[in-house]
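Written out below as structure tokens is the structure these notes cover.
Labels below follow one simple rule: chain letters A, B, ... track the order of the sequence lines, proteins then strands, and each chain is numbered from 1. The basis for the numbers below is simple: all heavy atoms, side chains too, and nothing from hydrogens, waters or symmetry mates.
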Protein chains: 2
Amino acid sequence: MTYSEENYLKTIYHLTSMTEEAVSTNAIAEKMDTKASSVTDMLKKLAEKDLVNYIKYQGVSLTENGKLAAKMIVRKHRLWETFLVEKLEFSWDEVHDVAEQLEHIKSEKLINKLDDFLGNPTEDPHGDPIPDAEGRIIKVEKRLLSELEKNQSGICVGVKDTSSDFLKYLDKQEIALGSQIAIIEKETFDNSFKIRVGSKELMISNKIASNLYIQ
Amino acid sequence: MTYSEENYLKTIYHLTSMTEEAVSTNAIAEKMDTKASSVTDMLKKLAEKDLVNYIKYQGVSLTENGKLAAKMIVRKHRLWETFLVEKLEFSWDEVHDVAEQLEHIKSEKLINKLDDFLGNPTEDPHGDPIPDAEGRIIKVEKRLLSELEKNQSGICVGVKDTSSDFLKYLDKQEIALGSQIAIIEKETFDNSFKIRVGSKELMISNKIASNLYIQ
DNA sequence: AATATTTTTTAGATGCGTCTAAAATAAACT
DNA sequence: AGTTTATTTTAGACGCATCTAAAAAATATT
Ligand SMILES: [Mn+2]
Ligand SMILES: [Mn+2]
Ligand SMILES: [Mn+2]
Ligand SMILES: [Mn+2]
């Protein structure tokens with residue numbers, strides 16, 4: 001499989017993992033910052049290889065083959081991110097771009113040895129699950145902070161947005177995976193929140209609260 | 001720089017590092033298992049980027065830019081090989097192909113952090129020198145085992161041939177980097193050797209002896 | 001020096017992944 | 001239902017890296 005094919009597969013995987021439905025050509029083009037015509041070309045090729053179910057004008061979904069292949073790429077991405085943070089002292093906002101490259105390295109042995117070296121982690125630095133060698137994912141149920149009510153609390157276990165900007169904001173506010181977060185007040189006007197993180201109190205917008213996973 | 005450009009650069013580096021002279025189109029084609037016409041195309045492109053000195057029909061050599069770029073690729077290759085052996089329990093005959101992929105990952109930070117993580121090694125698992133971040137190489141003088149005379153001895157510090165076949169042969173004979181090797185007898189007929197490795201004695205062909213570096 | 005051989009370059013083609021522009025189809029709106 | 005708009009596909013082009021076949025240049029042989 002080529003570098004490009006792998007990127008399409010991964011994108012389709014991420015776009016379909018929420019909805020479970022077929023995804024449109026335009027949605028893929030949007031996400032990958034490319035043109036719809038390029039997407040169409042690639043979908044034909046992936047369909048030819050039995051990696052996607054593709055019917056003209058009707059969108060696309062992954063076959064079982066495609067889904068497993070996509071999971072293996074996600075596995076590699078997240079294991080490399082974990083390696084970079086745990087072993088090479090990268091911060092969680094610096095790892096994504098490098099992992100985008102590393103996820104395409106082809107070696108079963110490498111990735112499985114890396115997995116062992118890292119102690120078979122089940123989650124990456126952003127709290128996202130790491131598929132095992134067979135593609136199994138441990139699903140932990142988690143809610144968005146924005147769904148909590150006043151006086152409820154929980155532990156921050158993940159981020160939805162993994163952009164560098166957002167992650168740096170969290171660093172600045174000293175919010176990290178494992179932080180205890182409690183809702184002190186919920187502002188009905190703009191749906192912003194007053195929260196307590198550890199011993200500190202701060203105000204966060206609804207957008208922030210909608211990108212933090214709590215357990 | 002593209003994946004392909006990097007591979008050409010590295011090949012030219014290896015071919016010129018011994019002779020110091022310009023290298024021929026055919027020599028590059030041979031080494032890279034490609035056609036001379038493809039090489040010519042690439043040489044034009046590399047010359048355009050001031051990475052090689054190329055004059056039609058007269059062979060090619062690296063510019064200072066090209067040499068530094070090549071060294072950085074070699075640096076990455078050898079650091080990754082070291083990582084695979086030291087941290088992921090690969091054996092020295094398994095690392096080359098994976099390192100061929102990993103050497104193209106683009107991230108200054110990654111490679112320098114990896115270097116630190118490994119303790120800034122100066123040699124890779126095959127005894128080859130690892131250029132530092134500025135491209136400096138620590139030259140250690142070493143001779144081929146085949147150049148030694150009867151009753152001389154030394155420590156095995158490197159291999160010239162790094163093919164899997166050769167490395168596996170060495171494993172079988174329990175010859176490794178650091179092994180003490182002494183010449184017991186030199187057969188004038190076929191230039192083969194009787195040697196002692198540690199406490200064992202064995203016969204090796206001249207071809208074997210010509211691929212072991214001794215210090 | 002002339003001829004033959006080898007090496008290297010050029011010319012033209014192919015596959016991959018991308019693009020723009022135009023055509024086809026589907027969806028939304030009177 | 002007919003028309004407009006949006007989405008998707010097709011057609012044709014381009015850059016990259018490769019190839020084969022032919023031409024050009026360098027080298028070796030007689
Ligand atoms: Mn990522
Ligand atoms: Mn991640
Ligand atoms: Mn190697
Ligand atoms: Mn090596």
Check this for me: A:Lys31, atom NZ, are more than 12 non-hydrogen atoms of other residues, nucleotides or ligands nearer than 6.0 Å? no
Taking protein heavy atoms under 4.0 Å as touching, what does nucleotides 7-13 of chain D look like 5' to 3' if B marks base contact, S marks sugar-phosphate-only contact and - marks none? SBBB---
Rounded interatomic separation in angstrom, taking NZ from B:Lys35 and C1' from C:dT14: 15 Å
Would you say that more than 12 heavy atoms from the other residues, nucleotides or ligands in this model lie under 6.0 Å from the CD of A:Gln152, or not? yes
How long is the line joining CD1 of B:Ile28 and C1' of D:dT18, in whole Å? 16 Å
Ring centres under 6.0 Å, that's the criterion: do B:Phe83 and A:Phe83 meet it? yes
Any sub-3.5 Å donor-acceptor pair from A:Asp115's side-chain atoms to A:Ile111's backbone N or O? no
Once you round it to whole Å, what is the distance between C1' of D:dC19 and CE of B:Met32? 15 Å
Any side-chain N or O of B:Thr2 less than 4.0 Å from the OP1 or OP2 oxygen of D:dC16? no
Contact class for A:Tyr3 vs. all strands (heavy atom < 4.0 Å): base, sugar-phosphate, or nothing? nothing
Just the rounded figure in Å: distance from P of D:dC16 to CD of B:Glu6. 16 Å
Centres of the B:His126 and B:His96 rings: under 6.0 Å? no
Are the side chain of A:Lys106 and the backbone of A:His104 linked by a donor-acceptor contact shorter than 3.5 Å? yes
